[in-house]
A.B. asks: 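What follows is a single structure, and I will ask about it in a moment.
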Amino acid sequence: MAVTRACLVALVVALTFLFMEGRATAARKMSAGNLVQRRREVGSLLRRLNKPPVASIQSPDGDIIDCVHISEQPAFDHPLLKNHTIQMCPSYNPKGMQHHSNITPHLITQTWHQNGKCPKDTIPIRRTKEEHVLRASSVRRFGTKMPRSIPLVNPINDTNTPNILRGHQYAAASARYDKCYGSKGTFNMWKPAIARANDFSLTQLWITAGSYNGNNLNTIEVGWQVYPNLYGDSNTRLFIYWTRDAYQTTGCYNLLCSRFIQTSNQITIGGSISPTSTYGGTQYDIDILVWKDRAGGNWWLQVGGYNVGYWPSYIFSDLAHSASTIMWGGEIFSPDVGQTSTHMGSGHFPNEGFGKASHIKNIQVVNSSNCLNPPRDVGLITEQNNCYNVQSGNYGDWGTYIYYGGPGNNPNCP
C-alpha cells in the first residue's frame with residue numbers, strides 16, 4: 001500500500017513538473033514570438049522614419065545626422081500633405097523683433113556642426129535607431145506624450161484645482177487672450193540633472209487653443225529638454241511637439257510623425273545643443289519664435305535666427321485660426337512614486353537670480369496686427385513651490401521675464 005502511495009505521489013510530482021515545464025515553454029515561445037513581432041514593427045517604423053540620405057554626418061555625441069532631400073522628409077508621408085507645395089520662407093515676419101541688450105550674447109551651436117553641414121535642398125534629420133524605439137513602452141507610443149500632458153491654466157498655489165497630470169510638475173507663466181498669433185522669448189540654456197531613467201526635464205513655450213473638454217486641445221510646443229529614455233543620453237536637445245486632440249491620438253516629438261515641414265538645412269530638431277550655462281559662470285541663451293504667417297496661415301518656427309520650418313494650419317482645428325493661451329516655463333515628468341530629485345532649469349530656485357537660476361527673458365506675444373508686444377496679465381503656475389517655483393518681472397532690456405526652476409526633492413519638498 002505504501003509503495004502504491006509513493007508511486008502515486010511520484011506520478012503527481014512528475015505530472016506537475018511536466019505541466020509547469022510545458023507552461024514555461026509556452027511562455028518562452030510566446031515571449032519570443034512577441035519579441036519577433038515587436039522587432040518586425042520596429043523595423044517597419046525605422047524604414048518609414050529613416051529616409052534615404054543624400055549625405056550622412058557622424059556627430060561627436062554619437063548621433064547620426066542624415067541629410068535628406070527636402071521633398072523626401074517624413075512630413076510628406078501624410079495623405080493631407082501628398083500634394084503640398086513647400087513654403088520655403090514666411091511671407092511676413094512679426095514687427096518689433098529687434099531688441100537691444102547690454103549683455104553680450106554667446107553663440108549656441110548644435111554638436112553635429114563640428115563634423116559637417118548638410119547641402120542645399122536637404123534637411124538634417126537625426127537618425128532613429130532600433131534601441132531608441134525599444135526603450136518605449138510600445139512602438140505605437142514611441143515619441144508621444146501621455147494624454148493630458150499640459151498644465152491647467154490656474155493661478156499660482158490654487159489648491160482648489162485637482163492635479164490631473166500625474167507625474168508632471170510645472171513652474172511656468174501664462175497669459176490668456178481672445179486671439180493671439182504667436183510668441184517669442186530668449187531661453188536660458190542648461191543641462192539639468194536627471195535622477196531617474198524615465199524622468200525628463202524641459203523648458204519650453206506652449207501655444208494653445210481649445211481645451212481638454214471634448215479632447216480638442218491644440219498645442220504647439222518648442223524648447224529644450226533632457227530626456228534619456230527618448231534620446232539615450234543626457235544631452236540638452238532642441239525639441240518640438242504638437243497635438244490637435246489633447247494628446248489622445250495625434251502629435252509627437254520632433255519629426256517622429258508626419259506633419260511638421262522643415263525647410264532649414266542648419267538646424268536638427270532633436271539635435272544636441274552646446275554649450276550650456278554653468279552655475280555662476282557663462283550664460284548661454286537662444287531665441288525661439290513661433291508665429292502664424294499672415295499670408296499662408298502656417299505656424300512658423302524660428303530658432304536662433306533660422307527659419308526652421310512650419311506646421312501647416314490645416315493640421316489643426318482651433319489653432320487653424322488663432323491661439324488663446326501662451327505659456328512659458330519648465331516641466332518635470334517622473335512616472336515613479338515619490339518626489340523626484342530631477343532638476344528643473346539650473347536646479348536652483350528663482351530667488352537666486354541671474355547666473356544661478358534659469359530664466360526666460362524678452363517674452364513677447366504676436367497680436368492681430370502681426371506685432372510683438374509684452375504679454376498682459378501674466379499668471380503663474382506651480383504646484384509644489386518648495387520643489388520647483390517661478391517668479392516674473394519686467395525690467396529694462398530684459399522686458400517681461402521669468403526666473404524658474406528648482407532641485408525637486410529637498411528637506412522642504414519630501
Side-chain angles (χ1 to χ4, degrees), residues 136-138 140-183 198-223 225 227 230 239-254 256-257 259-260 290 292 299 311-335 344 365 375 377-385 387-388 390 404:
S137 59
S138 70
R140 185 180 65 85
R141 296 298 309 173
F142 174 62
T144 66
K145 291 187 178 185
M146 297 300 292
R148 297 185 176 273
S149 295
I150 195 170
L152 295 172
V153 184
N154 59 294
I156 193 168
N157 299 329
D158 182 358
T159 57
N160 295 319
T161 303
N163 178 14
I164 62 170
L165 305 168
R166 186 175 181 83
H168 293 263
Q169 297 181 68
Y170 300 88
S174 70
R176 291 182 174 181
Y177 296 87
D178 290 333
K179 294 180 179 180
C180 60
Y181 300 89
S183 179
N198 292 332
D199 288 8
F200 70 61
S201 178
L202 62 78
T203 293
Q204 68 173 68
L205 64 84
W206 293 260
I207 295 176
T208 79
S211 69
Y212 282 121
N213 298 328
N215 291 329
N216 70 326
L217 179 71
N218 290 203
T219 76
I220 290 173
E221 306 170 38
V222 185
Q225 68 181 167
Y227 193 177
L230 180 61
F239 81 93
I240 64 174
Y241 202 96
W242 69 274
T243 183
R244 61 171 286 160
D245 62 358
Y247 308 95
Q248 296 294 317
T249 61
T250 66
C252 65
Y253 281 110
N254 308 327
L256 296 178
C257 61
R259 297 298 174 90
F260 182 84
V290 177
K292 190 172 179 62
W299 286 92
W311 294 266
S313 64
Y314 51 81
I315 72 172
F316 298 107
S317 54
D318 296 63
L319 278 178
H321 310 291
S322 63
S324 57
T325 301
I326 314 288
M327 293 181 285
W328 313 264
E331 175 185 356
I332 296 295
F333 174 70
S334 182
M344 178 188 292
V365 173
D377 301 326
V378 174
L380 301 178
I381 302 168
T382 188
E383 296 161 34
Q384 298 179 348
N385 56 19
C387 307
Y388 309 104
V390 59
Y404 69 95

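Position 1 is the first residue of the sequence, and the numbers go up from there.
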A.B. asks: How many angstroms lie between CZ in Arg244 and CH2 in Trp311, if you round to the nearest 0.5 Å?
C.D. replies: 16.0 Å

A.B. asks: Any side-chain heavy atom of Thr243 sitting closer than 4.5 Å to one from Cys252?
C.D. replies: no

A.B. asks: What are the two closest heavy atoms between Tyr227 and Asn198, and how far apart are they?
C.D. replies: CE2-O, 4.3 Å

A.B. asks: Pick from Tyr253, Trp206, Phe260: which one makes a ring pair (Phe, Tyr, Trp, His ring centres under 6.0 Å) with Tyr241?
C.D. replies: Tyr253

A.B. asks: Taking the side chain as everything from C-beta on, heavy atoms only, tell me whether Val378 gets closer than 4.5 Å to Ser174.
C.D. replies: no

A.B. asks: Closest heavy-atom contact between Thr144 and Gly251?
C.D. replies: CG2-O, 3.7 Å

A.B. asks: Side-chain contact test, heavy atoms from C-beta onward, threshold under 4.5 Å: evaluate it for Lys145 versus Glu221 and give yes or no.
C.D. replies: yes

A.B. asks: Rounded to the nearest 0.5 Å, how far apart are OH of Tyr388 and CD of Gln169?
C.D. replies: 5.0 Å

A.B. asks: Closest heavy-atom contact between Lys179 and Ser322?
C.D. replies: CG-OG, 3.5 Å

A.B. asks: Over all heavy atoms of both residues, which pair between Cys180 and Trp299 is shortest? Give the atoms and the distance, please.
C.D. replies: O-CH2, 4.2 Å

A.B. asks: Rounded to the nearest 0.5 Å, how far apart are CZ of Arg259 and CD1 of Ile240?
C.D. replies: 13.0 Å

A.B. asks: What distance separates Tyr181 OH from Ile207 CD1, expressed to the nearest 0.5 Å?
C.D. replies: 13.0 Å

A.B. asks: Between the main-chain N or O of Asp245 and the side-chain N or O of Asn216, is there a donor-acceptor pair closer than 3.5 Å?
C.D. replies: no

A.B. asks: So Phe142 and Leu256, do their side chains get closer than 4.5 Å, heavy atoms only?
C.D. replies: yes

A.B. asks: Taking it one step at a time, do Trp242 and Leu319 satisfy side chain to side chain contact (heavy atoms under 4.5 Å, CB included)?
C.D. replies: CA-CA 11 Å; Trp242 69 274; Leu319 278 178; over 6 Å; no

A.B. asks: Are the side chains of Phe316 and Ile220 in touch, meaning some heavy atoms are under 4.5 Å apart?
C.D. replies: yes

A.B. asks: Kindly give the heavy-atom pair with the smallest separation between Gln248 and Arg141, and that separation in Å.
C.D. replies: O-NH1, 4.3 Å

A.B. asks: Are any of the side-chain heavy atoms of Phe200 and Leu230 separated by less than 4.5 Å?
C.D. replies: no

A.B. asks: Is any side-chain heavy atom of Ile326 closer than 4.5 Å to a side-chain heavy atom of Pro375?
C.D. replies: no

A.B. asks: How about Lys292 and Ser313: do any of their side-chain heavy atoms sit closer than 4.5 Å?
C.D. replies: yes

A.B. asks: Ignoring hydrogens and geometry, is there a side-chain-to-backbone donor-acceptor pair from Asp318 to Asn218 under 3.5 Å?
C.D. replies: no

A.B. asks: Please report the closest heavy-atom contact between Glu383 and His168, naming both atoms and the distance.
C.D. replies: OE1-O, 3.6 Å

A.B. asks: Could you give me the CA-CA distance, side-chain angles and deciding distance for Thr382 and Tyr404, then say whether side chain to side chain donor-acceptor pair (under 3.5 Å) is met?
C.D. replies: CA-CA 10 Å; Thr382 188; Tyr404 69 95; over 6 Å; no

